[in-house]
Each structure stands twice: as structure tokens, then as C-alpha cells.
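We're numbering straight along the sequence, starting at 1.
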Amino acid sequence: MLWHELTVHTTEEAQEMISNLLVEAGAGGVSIEESGTLNKIRDTRYGELYDEPLNDIPEGEAVIKGYYAESEAMDEIVAELTPRVEELRAFGIDPGLAQISWKTVDEEEWAHAWKQYFKPLRVSERLTIKPTWEEYTPASAAEKIIEIDPGMAFGTGTHPTTALCLRALEKHIVSGDEVIDVGTGSGILAVGAVLLGASSVLALDLDPVAVVSARENVELNRLEAAVTVKESDLLSLLGGEGASDTAAGGMWPSARPGHSIEPDAMPAAPAKGGLGVTLPVRVVVANILAEIIVLFTDDVYRALQPDGIYITSGIYKDKEELVAQALKSSGFEIIEVTREEDWVAFTAGKR
């Protein structure tokens, strides 16, 4: 089967938003490759060794590839994407060169070849991410395995922001906690939270493809009883009145006219019902864009119990102060700031 491979040369800062734009434009799968330079500070506490560059992508840059059906009119898609990528500059996101090109490839060239590079990875003291096609034996009974089959629409869970969130969850999850995972993607944080002791997790994402992926990974880990995955407009659920009218709201797909969500995605009462958790919860985790994070810090504060914990990442280094100010303005106390490569994570407490 033939597919069209669309390539965007951009920056690491813009990779999440451009990936989303490709999916919105009909991509059946997206891959992201960041710079493999040795100049990056990499976390090696769990034994990883980096002795040669992983690729020839310049430092700070990234290559994003989207895969489209052979029947798609690619020149029209490029014409649609080009101004939308450039528009990111108006929101303070630098897409760099933003060079867009495309070619036709055979499915075997991309659908499976990438799997040879995805190996089991220890991301924290107790958590290891393992692809379903790899054999792996835990080093001890304390080591928990997150099984994942990300497909091509979502990452492998090895992005620095995912690891930062998982390590923060490991520090703060208490047995029996109820958790909300905002922007769940492949569901990896929701699965990790349960393996670390959470009794139940509500995993939210506005992308129906993400919802399917998350549910599949929850089933792979046999955690259907503990994790509830919902397609939810994050701005409606947590953003508060008028959030979709803001500049950052306009960047989020759900804020655009015509977007609909599952009718039961909005909690009408604090009871568990179909949500799997009772509000307020003790932990909220969100691994999404900084520009979106700042929209609903007030609502996360209200969704948390007294002394509750908010863990958030997806924050590029130049947006650290933006998020810090939003957290403080909402009444949070910043407990810890962690960094890996060019990415930042906050752990904040409800005062």
C-alpha cells in the first residue's frame, strides 16, 4: 500500500503543535525526530549511554512526518498547512525554517521499520516502558512495566516531558489516590499512575484518535477497571467560561466552531458516575502545551482537594516563567521544577 509522507523541518519548541496540525489535516500517523546531538544534557541515571550522535538533525530542531492516504491531494494539504504553521509565530511559538515537502512511500517503509529503534526504557526508579513486541524481564518485583503499542499517531512515551511527569507521579502518588490525566494521548501517564498506586484515573483527550489509542493501551495493561478514558473538550471541562475566546484558545482544535464532544464528558456532579473519579481529586497531571496549560490553572485548583498535587509538563524552556506565573496567580505553591533537555515540568501544591 502506498502513502504520502509529508515532512516538516521545524523546531523542537513547535513540534507538538505542528504534529497536531498534521493530524487535523488528515494524517493517519505522525512521527517526531528531535536532534540527536551530544550537546544535549541527557538523563543517564538509569544506565543510558550516549556515545555518538543519534542523528544529524541540528540542535534545537526537529523533523516531523505525517502520513496521508494515497488518494489525498497533497498540494492542497501543503497549501493549507503552510499559513497555519506560519501563524504559530503570532502565538510566540517559533516554527523555525518550517520547510514542508512530501513524497510517496510504501507502507512497509514507515509502518513497522521504526519499531526496531523502540526498546524497553527505564524511565524512573519503579517504571519501565516496554513496547508490546519486545521481550523484557523486570529487574525486581518493585519494577512496574507499562506496556505500550503507540502506533504511528502518538509517541513512544520516551519524550522528556513524559518521563518528567512519570517521575513526579512516582514521588507524589499515594495508594488509593484518584487522578485526572488531562491530554492523555497514548494513555501512558494514566497507566503509570495506576501502577504507582492510584485507585482510579480519569484520562481526558479531545482527539478521538487519542481516545482510541489510550483505551487500547489501557486494555493492554489490563487496567480497564481503574482507568476511564473520555473524549473531552479540555477548555469546556477545565478551561472555564470564555477560555475558547482567548488567543491560546483559538489554537486549540476544540475551540473552533463545529467541534463536538461526547455528551457524558462534562461532569454534572461530583459523584463518580461514568467518570471513574469523585471530584475533587488529589492529583491532576497535564502533559500538554504551555499556552494551553495557562488557560485552566484556576479550574485545576478547584478540581483538587486541599493539599492536592498538580503535575504539569509539555513546557518548552522559554515558556517556564509563563507557566510559573499562571500557577502562582491561581494560588498554587510551586513545590519542584524539574528539567530534561529543553523541557520543564512543574509540581505544584494547592495551598
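A salt bridge is defined here as a Lys NZ or Arg NE, NH1 or NH2 lying under 4.0 Å from an Asp or Glu carboxylate O, and Glu341 with Lys317 fails to meet this definition. Residues Glu178 and Arg282 are not paired through a salt bridge, judged by the lack of any N-O separation under 4.0 Å between the basic side chain and the carboxylate.
Between the side chain of Ser199 and the backbone N or O of Asp177 there is at least one donor-acceptor pair closer than 3.5 Å. With hydrogens and angles disregarded, a donor-acceptor distance shorter than 3.5 Å links the side chain of Asn217 to the backbone of Ser213.
Screening residues 62-83 for salt bridge (charged side-chain N to carboxylate O under 4.0 Å, His left out) gives no qualifying pairs among residues at least two apart or on separate chains. Applying the ring-ring contact (aromatic ring centres under 6.0 Å, His included) rule to pairs touching residues 303-324 yields Tyr310-Phe332, Tyr316-Trp343, sequence neighbours excluded. Each ring-ring contact (aromatic ring centres under 6.0 Å, His included) pair with one or both residues in residues 194-216, not counting sequence neighbours, would appear here, but there are none.
Looking only at atom types and distance, the side chain of Gln15 has a donor-acceptor partner in the side chain of His159 under 3.5 Å away. Between the side chains of Thr184 and Asp205, no donor-acceptor pair is found at a separation under 3.5 Å.
Remark: Glu336 pairs with Lys171 by the salt bridge (charged side-chain N to carboxylate O under 4.0 Å, His left out) rule, at least two apart or across chains. For the side chain to side chain contact (heavy atoms under 4.5 Å, CB included) test, residues two or more places apart in sequence or in another chain that qualify with Arg222 are Glu224. Remark: Gln325 pairs with Glu321 by the side chain to side chain donor-acceptor pair (under 3.5 Å) rule, at least two apart or across chains. Annotation: salt bridge (charged side-chain N to carboxylate O under 4.0 Å, His left out) contacts of Glu143 (sequence neighbours excluded): Arg122. Every residue two or more places apart in sequence or in another chain was checked for a side chain to side chain donor-acceptor pair (under 3.5 Å) with Ser313, and none qualifies. For Ile334, the side chain to side chain contact (heavy atoms under 4.5 Å, CB included) criterion is met by Ala324, Leu327, Lys328, Val337, Phe346, not counting sequence neighbours. In terms of the salt bridge (charged side-chain N to carboxylate O under 4.0 Å, His left out) criterion, residue partners of Arg89 (sequence neighbours excluded) are, by chain and number, Glu86, Asp94. Applying the ring pair (Phe, Tyr, Trp, His ring centres under 6.0 Å) rule to His172 yields no partners; only residues at least two apart in sequence or on another chain are considered. In this view, Glu16 satisfies the salt bridge (charged side-chain N to carboxylate O under 4.0 Å, His left out) rule with no residue, not counting sequence neighbours.
Residues Leu21 and Leu81 meet the side-chain proximity criterion, which asks for heavy atoms closer than 4.5 Å. Within the 4.5 Å cutoff, the side chain of Leu189 has heavy atoms near those of the Leu166 side chain. Between Thr7 and Lys103, the closest side-chain pair of non-hydrogen atoms is not below 4.5 Å. Residues Val277 and Val179 are not in side-chain contact: their nearest non-hydrogen atoms beyond the backbone lie 4.5 Å or more apart. Side-chain atoms of Val323 and Val344, non-hydrogen and from C-beta on, never get closer than 4.5 Å to each other.
For the ring pair (Phe, Tyr, Trp, His ring centres under 6.0 Å) criterion with His4, the lone passing option out of Tyr67, Trp102, Tyr68 is Trp102.
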task = Before giving the answer on salt bridge (charged side-chain N to carboxylate O under 4.0 Å, His left out), spell out for Glu13 and Lys319 the whole-Å C-alpha distance, their side-chain angles and the decisive distance to 0.1 Å.
result = CA-CA 10 Å; Glu13 175 186 2; Lys319 299 295 191 299; 3.2 Å; yes
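Note: the hydrophobic cluster containing Leu322 does not contain Leu164 (ILVMFWY, side chain heavy atoms under 4.5 Å, direct or indirect links).
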